[in-house]
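Just so it is clear, the values below take in all heavy atoms, side chains as well, and ignore hydrogens, waters and symmetry mates. For clarity, every value in this text was computed on a predicted model and none was experimentally measured.
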Amino acid sequence: MEFSERLKKLRTKKGISQAKLAADIHISRSAVAKWENGLGLPSDESLKLLADYFGISIDDLIPNKSSEEIFVSKNKTIAEQKKIIIGFAAGCAIGLFVLGFIFIEPLRESLVQIGLGIICVMLGIFNMRGNIGTIHWYNRRKVTKENQKAYCTFVGLGTLIVGVAIIAGAVIQALGYLAASGLAIGVGVLIGLALILYAQFKYNRGIF
């Protein structure tokens with residue numbers, strides 16, 4: 001059990017809120033929330049206060065601090081990347097609105113499709129680098145450490161291909177080639193899903 005889960009369990013068992021815990025050991029409530037969300041670790045002084053408060057030893061509270069630091073670092077990376085994705089998606093939405101409604105009339109009907117494709121491309125790039133949800137799959141699912149890189153590569157590449165196919169299909173459709181648009185999307189999605197499923201069954205031993 002990770003420190004974040006252990007702390008939340010101890011607090012819940014004691015029947016107190018985050019605010020109550022924070023007030024009792026003289027820290028901010030946001031610090032407690034950060035610890036329970038796996039986005040930070042207490043200082044040595046705070047660890048001692050927590051251990052005394054719950055009547056346990058520091059080793060019982062956080063048996064392996066080095067591994068917890070790695071876990072927290074990964075969680076922070078995920079949180080930062082989510083912010084980047086949200087910011088990029090918002091920027092794309094504004095850009096697509098300006099592009100479609102002001103400059104390029106044929107793309108107006110395909111804005112949602114293009115936006116979806118861009119999101120898939122972004123997720124694919126992040127996943128190929130070993131980021132976003134794949135980090136959690138490493139820790140919580142069946143992908144071994146030795147297979148992490150290969151797993152990320154296949155899942156990310158598959159997602160990237162799906163995104164490119166969706167964007168290409170939208171552009172082709174805007175040019176008036178409906179049949180070619182459907183073919184481009186269909187082929188791209190099939191290839192992308194095949195790569196993702198291959199990774200899931202080979203490295204994760206199943207879809208879920």
Side-chain angles (χ1 to χ4, degrees), residues 1-90 119 122-156 158-159 196-197 199-208:
M1 184 186 297
E2 289 136 10
F3 169 75
S4 57
E5 297 171 339
R6 188 176 291 106
L7 177 60
K8 187 174 182 179
K9 185 176 180 180
L10 287 168
R11 179 179 61 77
T12 303
K13 186 177 180 180
K14 200 173 180 69
I16 59 174
S17 65
Q18 290 182 346
K20 170 65 174 170
L21 173 58
D24 286 346
I25 63 173
H26 308 292
I27 59 169
S28 66
R29 194 204 68 81
S30 61
V32 177
K34 185 185 295 183
W35 298 342
E36 290 191 0
N37 288 326
L39 296 175
L41 290 175
S43 64
D44 290 341
E45 181 182 352
S46 294
L47 279 174
K48 187 177 185 308
L49 289 172
L50 285 169
D52 292 343
Y53 184 79
F54 290 112
I56 60 177
S57 70
I58 292 178
D59 287 339
D60 287 334
L61 184 62
I62 183 168
N64 192 335
K65 192 173 182 180
S66 60
S67 64
E68 291 288 350
E69 288 172 346
I70 294 173
F71 177 75
V72 167
S73 176
K74 288 181 177 180
N75 279 348
K76 286 182 178 178
T77 300
I78 292 171
E80 289 171 359
Q81 289 165 352
K82 283 180 179 178
K83 290 179 182 178
I84 292 173
I85 287 178
I86 292 172
F88 187 83
I119 291 173
M122 282 191 61
L123 289 175
I125 293 171
F126 276 111
N127 278 322
M128 287 178 73
R129 295 181 59 191
N131 299 321
I132 311 300
T134 49
I135 289 177
H136 282 292
W137 283 345
Y138 296 165
N139 292 331
R140 305 177 188 277
R141 309 196 63 166
K142 302 169 187 175
V143 181
T144 64
K145 186 175 181 179
E146 293 75 20
N147 291 330
Q148 290 175 12
K149 185 176 181 180
Y151 178 74
C152 264
T153 299
F154 280 107
V155 172
T159 308
I196 293 171
L197 288 174
Q200 285 295 99
F201 280 96
K202 182 174 177 62
Y203 302 114
N204 197 48
R205 291 174 291 181
I207 297 178
F208 302 107

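Considering every non-hydrogen atom in both Ala22 and Val32, the closest pair reads CB-CG2, 3.9 Å. Between Lys14 and Phe54, the shortest heavy-atom distance links the atoms CD-CE2, 3.9 Å. Among all heavy-atom pairs drawn from Ile58 and Leu47, the shortest one is CG1-O, 4.2 Å. The shortest non-hydrogen separation linking Ala33 to Gln18 is CB-OE1, 3.6 Å. Here the shortest heavy-atom pairing between Arg6 and Pro63 reads NH1-CD, 3.5 Å. Scanning all heavy atoms of the two residues, the minimum distance from Ser46 to Trp35 falls at CB-CH2, 4.0 Å.
Between the CG atom of Leu7 and the OG1 atom of Thr12 there is a distance of 9.0 Å, given to the nearest 0.5 Å. Atom CG of residue Leu50 and atom CD1 of residue Ile56 lie 8.5 Å apart, to the nearest 0.5 angstrom. The distance from atom CD of Glu5 to atom CG of Leu10, rounded to the nearest 0.5 Å, is 12.0 Å. Summarising the geometry, atom CE belonging to Met122 is positioned 12.5 Å from atom OG1 belonging to Thr159; distances are rounded to the nearest 0.5 Å. Note: Ser43 OG to Leu49 CG = 7.5 Å, rounded to the nearest 0.5 Å. Atom CZ of residue Phe3 and atom NZ of residue Lys8 lie 13.5 Å apart, to the nearest 0.5 angstrom.
By the 4.5 Å heavy-atom criterion applied to side chains, Leu21 and Tyr53 are counted as neighbours.
Sorted by first and then second residue, the pairs that involve residues 50-64 and meet salt bridge (charged side-chain N to carboxylate O under 4.0 Å, His left out), not counting sequence neighbours, are Lys48-Asp52. Among residues at least two apart or in separate chains, salt bridge (charged side-chain N to carboxylate O under 4.0 Å, His left out) pairs with a member in residues 17-32 are Lys20-Asp24.
Evaluation of the ring-ring contact (aromatic ring centres under 6.0 Å, His included) rule for Phe154 yields Tyr198 as partners, not counting sequence neighbours.
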